[in-house]
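Each remark here refers to the structure printed beneath this line.
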Amino acid sequence: MKSLHTSHIEISKSALEHNLQFLKNYIGNGVQISSVVKGNAYGHGLEVFVPLAENCGINHFSVFSADEALRVHNASTKNSTVMIMGLINNEQLEWAIENNIEFYVFEPDRLEKALETAKRLGKTAKIHIEVETGMNRTGFAMDQLPVVLKLLKNNSDYLFFKGLCTHFAGAESIANYYRIHKQQQVFQKVLKKVAAAGLTPEQKHTACSAAALRYPKFQMDMVRLGIIQYGFFPNKEILIEYLTKKKVTQNPLKRLISWKSHVMDVKKVKTGEFVGYGTSYLANSDLKIAIIPVGYAHGFSRNLSNQGIVLINGQRVSVVGTVNMNMITVDVTQVNSVEKGDEVVLIGKQGDLEISVSSFSEFSEQVNYELLTRLPENLPRLIVD
Ligand SMILES: *Cc1c(COP(=O)(O)O)cnc(C)c1O
């Protein structure tokens, strides 16, 4: 790979096709899939990911903020719908409404400004009313609803009630079952209130990956799928629940992402010497080490010092010493003929072995979500089969 960068990321097109096919089969008929691409498409590279997903039939994307919405808007090749689930400033409303970008509304100021802006433009804002059901993050409280609903009713030329939605506070963990169940009850109550006010949102949506799998009834009209489309179960609990329910033993998903670099130098270290900064690693025997040009500045967590594992020449090798800003050293004493330029797999497969993000993150106590989204945006993303 001729690149100026010291490592690169590969995104597998066929793995995405596989996962989306699995999800389409799994999700109920008539339920729309919104592909969640916040956090640079969970580190996969938003500009690379969006057209790939569109080629698999996805035409709805969810992001956190207006800057991400702009990126999807620009990367889209099929005029997909873009939905902002988090922050849009009042100054950006005009752009959003002009470009049919949909957005969550969860507090009175945004509702009023959206109405004002839509009137001024002579256009209709497509809004998703987010309701507070118990997560205690964003969302209108029950006692705010009458005013909201009245405003929607009286201004239907300018405010299109595209969605009614909420988010569960940890659907991936059974420890939260009671709280999630309460949230579901509150959401049902809100639905009744909305209906009683004579309003019908076009879509009702509540489910992230974990909720879509665990609480199928709450798939409603649309599911907002993030982590699962990239080939990861939200956590082990959801994976095991799925396997048990389906009486299968194999993870049905495929990971899209690989992260690769190359050996930059190889050298010998004598017994009794320390490797790298300070005294964190003492060579207890003569060693051969390889130096790899990836460090915490590239998203390789410093917590992996003396713990991380990478693949070289089809073998698992351990990080020795501390993770530096731009380099790690690994013990390749047991690997034959390691040379400068040899491929190093930080995440993904080499030969018969695989370093999964989750095995990586167990060491570093970062969950998949965090590790993926911390992969720097400027690493090149290459599409592979
Ligand atoms: C991130 C997010 C999702 C997707 O969550 P996953 O667990 O990755 O599927 C869904 N809904 C909202 C509101 C989110 O912020």
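Read the numbers this way: they start at 1 and go in the same order the structure lists the ligands and their atoms. As a basis for the values below, the full set of heavy atoms in this structure was taken, side chains included, without hydrogen atoms, waters or symmetry mates.
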(request) Show which atoms of ligand 1 fall inside a sub-4.0 Å distance from at least one heavy-atom site of Y42. (result) 1 (C), 4 (C), 5 (O), 6 (P), 8 (O)
(message) With a 6.0 Å cut-off on the ring centroids, do F274 and Y281 count as close?
(response) no
(request) Inspect the contact between E17 and K13 and indicate whether a charged nitrogen and a carboxylate oxygen are less than 4.0 angstrom apart. (result) no
(message) Test your reading of the structure: does L225 have an N or O sitting under 3.5 Å from an N or O of ligand 1?
(response) no
(request) State plainly whether the residues D286 and K270 are in salt-bridge range, i.e. N to O under 4.0 Å. (result) no
(message) Looking at non-hydrogen atoms alone, which of M85, E130, M135, K38 comes nearest to atom 2 (C) of ligand 1?
(response) K38
(message) Tell me the protein heavy atom at minimum distance from atom 11 (N) of ligand 1, and give that distance in Å.
(response) R224 NE, 2.9 Å
(request) Below 4.0 angstrom from a heavy atom of I227, which ligand 1 atoms are there? Numbered from 1 as shown, please. (result) 6 (P), 8 (O), 9 (O)
(message) Tell me the contacting part of H167 for ligand 1: side chain, backbone, both, or neither, using a 4.0 Å heavy-atom threshold, strictly below.
(response) side chain
(message) In terms of relative ring orientation, are Y242 and F22 parallel, tilted or perpendicular, with 30° and 60° separating the classes?
(response) perpendicular
Taking only distance into account, with no hydrogens and no angle test, what donor-acceptor pairs under 3.5 Å do side-chain atoms of residues 29-40 form with protein atoms, sequence neighbours excluded?
residue	atom	partner	partner atom	Å
Q32	OE1	Q203	NE2	2.8
Q32	NE2	N59	OD1	3.3
S34	OG	H60	ND1	2.8
S34	OG	S62	OG	2.6
S35	OG	Q229	OE1	2.8
S35	OG	Q229	NE2	3.3
N40	OD1	L46	N	2.9
N40	OD1	R71	NH2	2.7

(request) Check ligand 1 against S209 and write out every atom of the ligand that is under 4.0 Å from a heavy-atom position of the residue. (result) 6 (P), 9 (O)
(request) Please say whether Y369 places an N or O atom under 3.5 Å from an N or O atom belonging to ligand 1. (result) yes
(message) Counting only heavy atoms closer than 4.0 Å, does ligand 1 sit against the backbone of F64, its side chain, both, or neither?
(response) neither
(request) Step through it carefully: locate the ring centre of Y177, locate the ring centre of H181, and say whether they are under 6.0 Å apart. (result) yes
(message) Please confirm whether the ring centroid of H5 lies under 6.0 Å from the ring centroid of H298.
(response) no
